[in-house]
Amino acid sequence: MSLAPCVVGVDFGTLSGRAVVVRVADGAELAAAEHPYTHAVLDRQLPDGTPLPPDWALQVPADYIDVLRIAVPEALARSGVRPEQVVGVGTDFTACTVLPVLADGTPLCELPDLASRPHAYVKLWRHHAAQAQADRITALAEARKEPWLRRYGGKISSEWEFAKALQLLEEDPELYGLTDRWVEAADWIVWRLCGTYVRNACTAGYKGQLQDGVYPSSDYLAALDPGFAGFVADKLEQPIGQLGDLAGGLTAEAAAWTGLPEGIAVCVGNVDAHVTAPAATAVEPGRMVAIMGTSTCHVMSSDRWAEVPGMCGVVDGGILPGLWGYEAGQSGVGDVFGWFVRTGFPAAYAEQAAALGRDPHEHLTALAAEQRVGEHGLVALDWQSGNRSVLVDHDLSGVVVGLTLSTRPEDVYRALLEATAFGTRTIIEAFEASGVPVGELIVAGGLTKNALLMQIYADVIRRPLGVIDSAQGPALGAAMHAAVAAGAYADIRAAAQAMGKARPAVYQPDPGRAAAYDRLYAEYRLLHDYFGRGANEVMHRLRALRTEASA
């Protein structure tokens, strides 16, 4: 009997890794498994108790290997698929998530005498402690009129490779000297799977400032810091693999971890947001995909190039071959809602939720859904984790205006839901004002489960909202790229046609609610520009005071 070929996609998120087994012929997701990272996010202390300063966010790379050891075999067992049916494996990662390693790929934090050194660990995407370095990178590029700066909307983020590496050099030069390779986790995990270090085109372009085949020059880097002059040549540069390319064959060691056959195709790495676009069938210009989880990443392909203020980057072929791939994003979305539940959910509400069989988010959402637009009298800024787009400033912070003694938890919760929708509208308007039209928004990620949130987004952005028809969008996208690497499809467009899935226009904007939201959005934009564009630097001053007090 013929056994249908399958592929495995592994999505490495912020708090866990998820593996999905997918049938090559039609994209059917046969089974999935999730493994939470043992150490989650290190934002207060290292595993040995070494304290961390504010704005740090680290991870332990061994947690990623555990996903391969646990989630992949579990998904395979649940699927009923025989190992010999699996023809390829693909991965995706949050970005920029980067780590210092030795020449053989050993993370510095795994060396016993370096386990107490914070800079030896993985710097997660939401590590924002390199803002000062990012500001200098941008200022120097502006002064020198570096042409690559335009491809990033005029600002370089503290989340990206160069800022984090410069922070390592300046704060722990000994560790910088021990670093043989400064590696994106997306490429490190592929290295561990197939034994070959291939730098993927996506992270190199969006997070590593590689444009038209060229990185920032050594004389530019030397002007930042003389010790940084050789960063690209000595620690970063590596052969580039295009998305969907074959990185190598699964090693015997990785086969033992995963239960998959040795030698099967291992796809070049990718970024969780970008890999989701073809999974959501967004392979034509003008279809923006918002991957909504702890943060939101907005990706879209277009047949035209434009300089979009505050975008995270535009890369030729960065998402799909032959098109310009754009990225923007919000660095706090689900994280913002989670913060409020942790800090603003009273005991009485917890008792009510338990009696109704709801978790805190479900309970607050149900209560918030009973309100009319504007009934809570609040407007919020969604900057509890800084602003990625369009201001590119992670020293900004959250705001809620309109609080009274009558304000209830559900009021604040709904205002935060709305604030993230206003943030997305700000991003869409920046694209359209720059001549890059956005026709439809397709949402993927865990937050699609919240129907109120989805309807708020449709009303706020005044566009139909589609939803990916997959619970594991990034993992599905990674699996689709694995199918291409294994030779099952000629390219990712063909794979998307057969394996991708999305339900278009699930949520339609309501004209009455949209008009009411226009008024709230106008207040949001006033606050956005007042606090975010220099009229009042109170957020930066408070951040400086906090840093001094924490020193």
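In this text the structure is predicted, and so the values were computed from the model without any measurement.
When every heavy atom of Ala75 is checked against every heavy atom of Ala31, the shortest pair comes out as O-CB, 3.4 Å.
Residue Thr296 holds its OG1 atom at 8.5 Å from CD1 of Ile291, rounded to the nearest 0.5 Å. Between the CG atom in Leu108 and the OG1 atom in Thr179 there is a gap of 4.5 Å [rounded to 0.5 Å]. Interatomic distance, Leu30 CG to Gln85 CD, rounded to the nearest 0.5 Å: 8.5 Å. Within the model, atoms SG of Cys109 and CG of Leu99 stand 7.5 Å from one another, a figure rounded to the nearest 0.5 Å. Considering CD of Glu159 and OG of Ser295, their distance stands at 7.5 Å, rounded to 0.5 Å. The CG atom of Leu452 lies 11.0 Å from the CG atom of Leu364; values are rounded to the nearest 0.5 Å.
Checking side-chain atoms of Glu362 against main-chain N and O of Asp359 turns up a donor-acceptor pair under 3.5 Å. The main-chain N or O of Gly27 is found under 3.5 Å from a side-chain atom of Lys501 such that the two form a donor-acceptor pair. For the pair Ser331 (side chain) and Gly386 (backbone), a donor-acceptor distance under 3.5 Å is present. Remark: the backbone N or O of Trp160 is not paired with any side-chain donor or acceptor of Lys123 at under 3.5 angstrom.
Using a 4.0 Å cut-off between charged side-chain N and carboxylate O, Arg388 and Glu327 make no salt bridge. Look at Arg199 and Glu161 and you find a salt bridge, because one of the NZ, NE, NH1 or NH2 atoms lies within 4.0 Å of a carboxylate O, short of that distance. A salt bridge does not link Asp335 to Arg342: none of the charged nitrogens lies less than 4.0 Å from a carboxylate oxygen.
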TODO: List the steps, then state whether side-chain hydrogen bond (donor to acceptor under 3.5 Å, both in side chains) holds for Arg18 with Ser16.
DONE: CA-CA 7 Å; Arg18 295 160 290 275; Ser16 65; 2.6 Å; yes
Task: Working for side-chain hydrogen bond (donor to acceptor under 3.5 Å, both in side chains), residues Trp125 and Thr14 - done: CA-CA 8 Å; Trp125 62 269; Thr14 300; 2.9 Å; yes
- [ ] Might you work through the side-chain hydrogen bond (donor to acceptor under 3.5 Å, both in side chains) test for Glu29 and Ser470, ending with a clear yes or no?
- [x] CA-CA 8 Å; Glu29 297 170 38; Ser470 168; 2.5 Å; yes
Open item on the list: Could you walk me through whether Arg69 and Glu74 satisfy the salt bridge (Lys or Arg N to Asp or Glu O under 4.0 Å) test, starting with their C-alpha distance in whole Å, then the side-chain angles of each, then the deciding distance to 0.1 Å, before giving a yes or no?
Closed with: CA-CA 9 Å; Arg69 297 178 189 270; Glu74 188 174 321; over 6 Å; no
- [ ] Kindly determine whether Gln330 and Asp382 satisfy side-chain hydrogen bond (donor to acceptor under 3.5 Å, both in side chains), including the steps that lead there.
- [x] CA-CA 8 Å; Gln330 294 161 267; Asp382 51 318; 3.0 Å; yes
Open item on the list: I'd like to know whether Tyr64 forms a ring pair (Phe, Tyr, Trp, His ring centres under 6.0 Å) with Phe93, so could you lay out the CA-CA distance, the side-chain angles of the two residues, the decisive distance to 0.1 Å, and finally the verdict.
Closed with: CA-CA 10 Å; Tyr64 308 146; Phe93 237 100; 4.8 Å; yes
TODO: Show the numbers, then the answer: is there a ring pair (Phe, Tyr, Trp, His ring centres under 6.0 Å) between Phe12 and Tyr37?
DONE: CA-CA 10 Å; Phe12 292 88; Tyr37 302 145; 7.1 Å; no
TODO: Check the pair Asp212, Arg151 against salt bridge (Lys or Arg N to Asp or Glu O under 4.0 Å), reporting the backbone distance first and the verdict last.
DONE: CA-CA 11 Å; Asp212 301 323; Arg151 299 278 180 93; 3.1 Å; yes
TODO: With side chain to side chain contact (heavy atoms under 4.5 Å, CB included) as the test, would you mind laying out the steps for Ser389 and Cys312 before giving the verdict?
DONE: CA-CA 7 Å; Ser389 300; Cys312 300; 3.7 Å; yes
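For the ring pair (Phe, Tyr, Trp, His ring centres under 6.0 Å) condition, the pairs that include at least one residue of residues 250-293, sequence neighbours left out, are Tyr206-His274.
Tyr326 pairs by the ring-ring contact (aromatic ring centres under 6.0 Å, His included) definition with Phe431, not counting sequence neighbours. Legend: residues meeting side-chain contact (heavy atoms from CB on, under 4.5 Å) with Pro321, ordered by chain and number and at least two apart, are Ile492, Arg493. Annotation: side chain to side chain donor-acceptor pair (under 3.5 Å) contacts of Arg463 (sequence neighbours excluded): Glu432. Take Arg513 and apply the side chain to side chain donor-acceptor pair (under 3.5 Å) test, not counting sequence neighbours, and it matches Asp459. Under the side chain to side chain donor-acceptor pair (under 3.5 Å) criterion, Asp187 pairs with Asn200, not counting sequence neighbours.
The shortest side-chain heavy-atom distance between Glu262 and Glu253 does not fall under the 4.5 Å cut-off. Side-chain atoms of Arg181 and Tyr197, non-hydrogen and from C-beta on, do get closer than 4.5 Å to each other. Under the 4.5 Å side-chain criterion, counting only non-hydrogen atoms from C-beta, Met311 is not in contact with Tyr152.
For the side-chain contact (heavy atoms from CB on, under 4.5 Å) criterion with Val275, the lone passing option out of Leu476, Asp92, Val299 is Asp92. The only member of Leu417, Thr420, Val443 that meets side-chain contact (heavy atoms from CB on, under 4.5 Å) when paired with Tyr457 is Thr420. Of the residues Leu68, Asp63, Ile70, Val72, the one that meets the side-chain contact (heavy atoms from CB on, under 4.5 Å) test with His35 is Ile70.
Gln497 and Tyr489 share no donor-acceptor pair across their side chains, judged by distance under 3.5 Å alone. Under 3.5 Å, the side chains of Thr97 and Glu184 contain no donor-acceptor pair of N or O atoms.
Aromatic ring orientation, His128 versus His394: parallel (interplanar angle below 30°, classes split at 30° and 60°).
The environment of Arg78 atom CZ is dense: over 12 non-hydrogen atoms of other residues, nucleotides or ligands sit within 6.0 angstrom.
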